[in-house]
Amino acid sequence: NEGTTSLEVGFLIAMGVGVLIGLMNAWFVTRMKIPSFLVTLGMQLGVLGMALYVTDGFPQRTWVANRTIMKIIVGEIYIGSFRIYASLLWFIGFVLVLHYVLTQAKWGNWIQASGGNPSAARARGVRVARTKVALFVLSATMAAFAGITSSIRVRAANPNSGRGYELEVIAMVVIGGTLLSGGRGTIIGTVLGVLILRIMRNGIVMVGVPGLAYNIFIGAIILIMMSAHSYIARRLHSGE
C-alpha cells in the first residue's frame with residue numbers, strides 16, 4: 001500500500017520478483033524437463049492467484065504522481081509541439097538491443113540453435129541449459145517491467161491487468177514469423193506482428209464485428225498461421 005516504502009524500492013522489488021519467477025520457470029524446464037508452455041501457464045495461474053489473494057481482487061492505489069522514476073518510465077517528452085511518451089522510447093530501445101543480440105551476437109546464434117535442435121546445439125558446444133535459463137529470466141524481467149510501466153501509468157496496481165492477452169500475444173508472434181516449436185523468429189517480425197494485429201483489431205471494430213467475436217478471429221489466425229508455417233517447413237524439408 002501507499003506509504004509502505006518508496007516507489008524506487010518497490011520498482012527494485014518488482015524486478016527482483018520477475019527475476020525469481022524466471023529462474024523458477026527455468027528450473028522446471030531445464031531440471032524437471034517439463035514443457036515450457038505448461039510451466040509458464042502454471043506459473044501464470046499461480047502468480048495471478050497470489051495477486052488476487054493479496055489484493056482481494058481490487059486495484060490498489062500505491063503511489064502519488066510526479067516522482068522522478070515515474071517521469072523516467074512513463075513521462076512525456078516534447079519535441080516542439082510533438083509529444084512522445086518515455087515508455088515508447090523504452091520499447092524502441094529494447095527492440096533495437098534485442099534485435100542486435102539475436103541477429104549479430106554469438107548469443108543470438110545460441111538462442112536459435114537451442115530452440116531449433118537442442119541436441120545438435122549441445123554437440124557444437126552450445127550451453128543449451130544456460131541459454132534457456134537466461135531467456136526465461138530475460139522474458140520474466142521484461143514482463144515485470146511492462147507490468148510496472150502499466151501500473152505507473154494508471155497510478156494503481158491492478159491484479160486483473162493483462163488478463164486475456166495470452167491469445168493475442170501468441171497470435172502476434174506467430175504472425176511475425178516465429179515458430180512456437182522454436183528455432184526461428186525475429187524481434188522485428190514480432191513487432192510487425194503486434195502492429196498488424198492491432199490494425200486488424202481496429203479494422204474489425206470499425207466494420208461492426210461484435211467485440212465478443214474477437215477471440216474467434218484470434219483463434220482462426222493462430223490456426224491459419226501455424227498451418228502455413230507447417231506447410232512451408234514441409235516444402236523446405238522436401239526440397240532438401
Side-chain angles (χ1 to χ4, degrees), residues 1-25 39-79 82-95 97-98 136-173 190-191 193-195 197-202 204-205 210-215 218:
N1 292 328
E2 184 177 356
T4 301
T5 186
S6 66
L7 180 58
E8 292 76 13
V9 173
F11 174 85
L12 294 176
I13 292 174
M15 294 297 288
V17 171
V19 172
L20 179 61
I21 291 173
L23 289 172
M24 292 174 64
N25 285 337
V39 170
T40 52
L41 179 61
M43 184 62 70
Q44 176 199 8
L45 294 175
V47 172
L48 176 59
M50 186 178 299
L52 291 172
Y53 176 77
V54 171
T55 62
D56 292 325
F58 293 100
Q60 304 293 309
R61 188 176 185 276
T62 52
W63 44 75
V64 296
N66 298 322
R67 298 294 296 272
T68 301
I69 192 171
M70 296 179 70
K71 295 179 180 179
I72 293 174
I73 296 178
V74 300
E76 299 176 354
I77 300 172
Y78 288 91
I79 303 177
F82 189 70
R83 181 177 63 180
I84 300 177
Y85 289 100
S87 55
L88 176 61
L89 298 181
W90 280 103
F91 173 75
I92 294 173
F94 287 139
V95 166
V97 171
L98 295 177
F136 276 111
V137 171
L138 175 62
S139 178
T141 303
M142 291 293 97
F145 187 85
I148 293 169
T149 301
S150 176
S151 296
I152 289 179
R153 180 178 290 115
V154 300
R155 300 176 189 173
N158 187 349
N160 293 299
S161 180
R163 293 187 69 177
Y165 286 177
E166 299 84 4
L167 283 177
E168 283 196 63
V169 171
I170 294 174
M172 288 170 181
V173 297
T190 299
V191 173
V194 172
L195 296 177
L197 190 61
R198 283 301 176 180
I199 292 173
M200 288 182 176
R201 181 173 190 173
N202 292 337
I204 288 174
V205 173
L212 295 177
Y214 179 65
N215 282 345
I218 294 297

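Just so you know, these numbers come straight off a predicted model, no measurement behind them.
Taking 4.0 Å as the cut-off between side-chain N and carboxylate O, E76 and K71 do not count as a salt-bridged pair.
Using a 4.5 Å cut-off on side-chain heavy atoms (C-beta onward), V17 and V47 make no contact. Within the 4.5 Å cutoff, the side chain of F11 has heavy atoms near those of the I69 side chain. Under the 4.5 Å side-chain criterion, counting only non-hydrogen atoms from C-beta, L41 is not in contact with E166. N160 places a side-chain heavy atom less than 4.5 Å from the side chain of L52. Between R153 and M70 there is no side-chain heavy-atom pair separated by less than 4.5 Å. Two residues are said to be in side-chain contact when any heavy atoms from C-beta on lie closer than 4.5 Å; F91 and V191 meet this criterion. Between R163 and Q44, the closest side-chain pair of non-hydrogen atoms is not below 4.5 Å.
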Verdict with reasoning, T190 to V95, per side chain to side chain contact (heavy atoms under 4.5 Å, CB included):
CA-CA 10 Å; T190 299; V95 166; over 6 Å; no
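Taking each heavy atom of G18 and A144 in turn, the nearest pair found is CA-CB, 4.1 Å. Here the closest non-hydrogen pair linking T40 and F136 is CG2-CE2, 4.0 Å. Across every non-hydrogen atom of T149 and S87, the tightest pair is CG2-CB, 3.9 Å. Considering all non-hydrogen atoms of both residues, A86 and I72 come closest at CB-O, 3.4 Å. Summarising the geometry of P159 relative to F58, their closest heavy-atom pair is CD-O, 3.6 Å, with the distance given to 0.1 Å.
Distance check: L197 CG to I170 CD1 gives 12.0 Å after rounding to the nearest 0.5 Å. The distance from the OG1 atom of T68 to the CD atom of E8 is 7.0 Å, given to the nearest 0.5 Å. With values rounded to the nearest 0.5 angstrom, M142 atom CE is found 5.5 Å from M15 atom CE. Rounded to the nearest 0.5 angstrom, N25 CG and M43 CE are separated by 4.5 Å. I13 CD1 to L20 CG: the interatomic distance, rounded to the nearest 0.5 Å, is 13.0 Å. S151 contributes atom OG, which lies 10.5 Å from atom CD1 of I73 (distance to the nearest 0.5 angstrom).
Ring pair F94/F145 is perpendicular by interplanar angle, where above 60° counts as perpendicular and below 30° as parallel.
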